[in-house]
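Please read the structure below before turning to the comments.
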Amino acid sequence: MNFFRYALGAPCALLLAGCGTDSTSVYLTVTGSSTVAPLLSEIAKRFESANPGIRIEVQTGGSSRGIADAIAGRANIGMSSRELKEDEAGLVSHPIAVDGIAVILHQENPVKGLTLQQLADIYTGKIERWSELGGPDREIIVVNKAEGRGTLEVFLKAVSLDSSDISADLIAGENQHAIKTVAGNADAIGYVSIGAAEAEIEGGLAITMPTIDEIPPSADAVASGSFPISRPLLLLVPENTQTEDSAEVEATRSFVAFAKGESVSDIISAQLYVPIIP
């Protein structure tokens, strides 16, 4: 299980009335989307400078895990990179950013653009060779995301497919798994967060992002609404967090409010997501 753990600190009087000067800490657990986790971890570092006495543990595992943990009370906050489904009741959604999903290819692949229909045909096995798309006469290696991942849900909706329609050669979990798989195979195709892909490209990893329906994947395209595959990044809290009073609940409300505020918009932009300004 991948996780990031931060000891957060600052004048606890800002958040926790009467916490005094002892070493008592409030512990918050956050689980879910591997897309949201690195962003939230950076936001948590800044939260530390204003709120001592609070410890936040951020664990990945996929959007479905975050949602289920928040519903069951195993986590104070769930992270999701997809909208809630009808049967996922009892939670309040707090959008903190908007993200796009990029298709990724190996740097050696000459294909520069794909359409949503071509993606659907690739992922259902109707298109099996890159030569059908202007590339080399080699078999396409299809990398899909694992069940329970928010990125999978959003991708399926964009290409109008069900999970059972997909014909995949490899299954990837977190963004890094998909990125490294494609970077290591010249014939592979996958899809991940634009921010995650852009960061790896800037670091010199051998992947590229083709246009989708002639729209380049970028934060600007996501912000304008022109990019065809996008989704909100959400923090999810139980409904009773809105009304109950305790040190833990107060800390949860304060952290969520901080993550939604303008003071972290630079962190969101730096990770190539689009801030949501109230």
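Please read all numbers here as calculations on a predicted model, not as lab measurements. When a residue number appears, it is its place in the shown sequence, counting from 1.
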Exercise. When you check the gap from the basic side-chain N to the acidic O, do Glu88 and Arg82 get nearer than 4.0 Å?
Worked result: yes
Exercise. Using a distance-only test with no angle check, is there a side-chain donor-acceptor pair under 3.5 angstrom linking Thr29 and Gln59?
Worked result: no
Exercise. Do Arg253 and Glu250 meet the salt-bridge criterion of a basic N to acidic O distance under 4.0 Å?
Worked result: yes
Problem set entry | Contact check, side chains of Val256 and Ile96, non-hydrogen atoms, under 4.5 Å | no
Problem set entry | Candidate pair Trp130 and Asn109, rule side-chain contact (heavy atoms from CB on, under 4.5 Å), full reasoning | CA-CA 9 Å; Trp130 285 114; Asn109 195 320; 3.4 Å; yes
For this session: Starting from the C-alpha separation in whole Å, work towards a yes-or-no answer on side-chain contact (heavy atoms from CB on, under 4.5 Å) for Ile189 and Ile140.
Result: CA-CA 7 Å; Ile189 182 173; Ile140 299 172; 3.7 Å; yes
Problem set entry | Ile67-Leu28 co-clustered via ILVMFWY side chain contacts under 4.5 Å | no
Problem set entry | Partner set under side-chain contact (heavy atoms from CB on, under 4.5 Å) for Asp121, not counting sequence neighbours | Gln117, Lys126, Ile127
For this session: Step by step, work out the side-chain hydrogen bond (donor to acceptor under 3.5 Å, both in side chains) result for Thr35 and Asn175.
Result: CA-CA 7 Å; Thr35 296; Asn175 284 325; 3.0 Å; yes
Problem set entry | Between Ser63 and Glu153: side-chain donor-acceptor atoms closer than 3.5 Å | no
For this session: Assign the ring pair Phe155 / Tyr191 to parallel, tilted or perpendicular, where the plane angle (0 to 90°) is split at 30° and 60°.
Result: parallel
Exercise. Is it true that Lys45 and Glu42 make a salt bridge, defined as a side-chain N closer than 4.0 Å to a carboxylate O?
Worked result: yes
Seminar exercise, completed: Tightest non-hydrogen contact, residues Leu116 and Asp213, listed as N-OD1, 3.1 Å
Problem set entry | Any donor-acceptor N or O pair under 3.5 Å, side chains Asp99, Ser193 | yes
For this session: Grab the two heavy atoms, one from Ala178 and one from Val192, that are nearest each other, plus how far apart they are.
Result: CB-CG1, 3.6 Å
Exercise. Less than 4.0 Å between a side-chain N and a carboxylate O, is that true for Glu200 and Lys180?
Worked result: no
Problem set entry | Nearest-0.5 Å distance that lies between atom CD1 in Ile229 and atom CD1 in Ile215 | 11.5 Å
Exercise. Is there a donor in the side chain of Asp69 and an acceptor in the side chain of Thr31, or the other way round, less than 3.5 Å apart?
Worked result: yes
Exercise. Do Leu234 and Ser81 have side chains that get closer than 4.5 Å, going by heavy atoms?
Worked result: no
